[in-house]
Amino acid sequence: MTQAQVKQALARSFSNPTRDRESAIAVASFGTLLLLACFVYGRILELNPFVGDNVRVLFWADGASAWDLPLGDSVAYPEWRPLAYLTVWLPYRWWHLDHLHAHYVINLLLWTGCAWLVCLIVHRLTHSSAPALLAAAVVVTDQRAVVLVIVLEHANSMACIFGLIALLIVVSARDQRFTRLRWIGLSLLLLASGLSKEYGLAFTGAVAVFSLLERRRDVATAAIAAGVTYALLRFGFAGGAMAPYCEEVGYFFTLRNVCYDGFHAAVVNQAAYNVVATGVGSILPGVFAEWGEVGIAPRQVATSVVWLAAAALGWSKGPAPMRMTLL
């Protein structure tokens, strides 16, 4: 092969029209979603940042050492979110990022990143930009974005970003068997999602269930490895992070104070209610009020039903990976 032929082959390998077009679409979609997020939530930068949770986590960051990071904040047990706490501790202690409005900007970028990954997943499944941008716009403008004003609530966005990247990898692989490197990457992403916030373990469960139904043993073992590693780390570093705590939570049509201080009827009933309410409230926002009690918002429920119908249609008519994304 002549030198000219070698140059032409290299040029073709680095210049793929299809790949270049997909990259351009990805960049343009992120920019569009970021503009939408800034338009909807830009005024958070005008808010008074000193709410209780913000002060608490920055007070923790000011006093914590590097050895405290695997423990998280023991005062906040039973939650254990070491990766989320690490992303507060590092900017605060190393870069002296103590201006809370900077954290608002970070939260906004992370929230936009979640919507963007949804856009990429839907585009990969449908090969159409319109439904992908529509789905992402629904995520960006979801009312649950109110957590943007709380520093540590970027744990939600981090859990979703790691989990959604994991879903994107599985969706992109189709029927191809995972290489060892991709298997390790998938396991680490699922683990990082759980270490960001406990709810991130839902991605591990969704990938495991999907892979078992589709008989993808390689993907299933990656999810199982992530779940087992999370459990070992939690018990190894924080003893399970099982300290008792009390909170006021919804229970059907009332609010009540529940202390999670052991395995008894009140705790079991409340935990079961929380699981069901979280599942229903996730796909039908508007059924429950702020603290989990039943509080119907008719207009919001009607909107939720429309989107749920669209999701059901995608489940029944779309490709098999749609089932994983719905889970």
Side-chain angles (χ1 to χ4, degrees), residues 40-41 43-44 47-60 72-81 84-85 88 100 103-104 107-108 110-111 114 138-160 163 193-194 196-202 205 241-305 307-308:
V40 177
Y41 307 114
R43 296 194 66 182
I44 63 173
L47 297 178
N48 180 356
F50 294 106
V51 299
D53 284 344
N54 286 344
V55 175
R56 178 183 67 82
V57 71
L58 292 180
F59 179 79
W60 170 86
D73 185 1
S74 59
V75 176
Y77 284 171
E79 73 176 34
W80 184 66
R81 301 158 187 177
Y85 276 91
V88 173
L100 291 187
H103 289 283
Y104 288 173
N107 285 2
L108 188 65
L110 289 173
W111 185 266
C114 292
V138 170
V139 173
V140 165
T141 57
D142 189 280
Q143 67 169 0
R144 283 164 283 198
V146 294
V147 298
L148 293 175
V149 300
I150 302 176
V151 169
L152 196 57
E153 284 303 319
H154 71 262
N156 286 307
S157 299
M158 287 177 58
C160 288
S193 182
S196 298
K197 192 166 186 175
E198 294 87 343
Y199 302 135
L201 294 172
M242 295 301 291
Y245 76 108
C246 300
E247 65 176 350
E248 189 174 44
V249 290
Y251 190 72
F252 294 101
F253 296 94
T254 63
L255 286 175
R256 65 177 186 172
N257 193 61
V258 177
C259 289
Y260 297 83
D261 54 357
F263 191 78
H264 50 81
V267 170
V268 173
N269 292 341
Q270 186 66 55
Y273 175 85
N274 290 349
V275 170
V276 174
T278 299
V280 174
S282 296
I283 60 176
L284 285 174
V287 174
F288 296 95
E290 181 178 2
W291 298 108
E293 73 276 21
V294 177
I296 304 296
R299 182 180 299 178
Q300 193 175 5
V301 171
T303 304
S304 302
V305 169
W307 290 121
L308 184 59

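Sequential numbering from 1 along the given sequence is applied to the chain's residues. Just so you know, these numbers come straight off a predicted model, no measurement behind them.
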Inset, instruction - For Ser196 and Ala159, work out which heavy atoms get closest and say how close. - result: CB-N, 3.7 Å

Inset, instruction - Check salt bridge (Lys or Arg N to Asp or Glu O under 4.0 Å) between Glu247 and all other residues, then give those that pass, not counting sequence neighbours. - result: none

Please report, to 0.1 Å, the donor-acceptor pairs under 3.5 Å made by any side chain of residues 272-288, with sequence neighbours excluded.
| residue | atom | partner | partner atom | Å |
| --- | --- | --- | --- | --- |
| Tyr273 | OH | Phe252 | N | 3.0 |
| Tyr273 | OH | Gly292 | O | 2.7 |
| Asn274 | OD1 | Gln270 | NE2 | 2.8 |
| Asn274 | ND2 | Tyr260 | OH | 3.1 |
| Asn274 | ND2 | Gln270 | O | 3.4 |
| Thr278 | OG1 | Asn274 | O | 2.7 |
| Ser282 | OG | Thr278 | O | 2.6 |

Inset, instruction - Could I get the full list of salt bridge (Lys or Arg N to Asp or Glu O under 4.0 Å) partners for Asp142, not counting sequence neighbours? - result: Arg144

Legend entry - Cys114 versus Cys160, closest heavy-atom pair with distance: SG-CB, 3.6 Å

Inset, instruction - Heavy atoms only: give me the nearest Val267-Asp261 pair and the separation to one decimal. - result: CG2-N, 4.3 Å

Inset, instruction - Could you tell me which residues satisfy side-chain contact (heavy atoms from CB on, under 4.5 Å) with Glu248, sequence neighbours excluded, listed by chain and number? - result: Leu255, Asn257

Legend entry - Sidechain-backbone polar pair: Tyr41 side chain, Val140 backbone, donor-acceptor under 3.5 Å: yes

Inset, instruction - Could you list the residues that satisfy side-chain hydrogen bond (donor to acceptor under 3.5 Å, both in side chains) with Asn107, not counting sequence neighbours? - result: none

Inset, instruction - May I have all residue pairs that pass side-chain hydrogen bond (donor to acceptor under 3.5 Å, both in side chains) and include part of residues 147-158, sequence neighbours excluded? - result: Thr87-His154, Glu153-Asn156, Glu153-Lys197, Asn156-Lys197

Inset, instruction - Could you note down all residue pairs passing disulfide bond (SG atoms under 2.5 Å apart) where residues 253-284 supplies at least one of them, sequence neighbours left out? - result: Cys246-Cys259

Legend entry - With sequence neighbours excluded, residues passing side-chain hydrogen bond (donor to acceptor under 3.5 Å, both in side chains) with Arg299: none

Inset, instruction - Identify, with sequence neighbours excluded, every residue that meets side-chain hydrogen bond (donor to acceptor under 3.5 Å, both in side chains) alongside Glu293. - result: none

Inset, instruction - Quick one: pull up CZ in Arg81 and CG in Asp73 and give me the separation to the nearest 0.5 Å. - result: 11.0 Å

Inset, instruction - Taking all non-hydrogen atoms of both residues into account, name the closest pair between Val57 and Tyr85 and its distance. - result: CG2-CE2, 4.0 Å

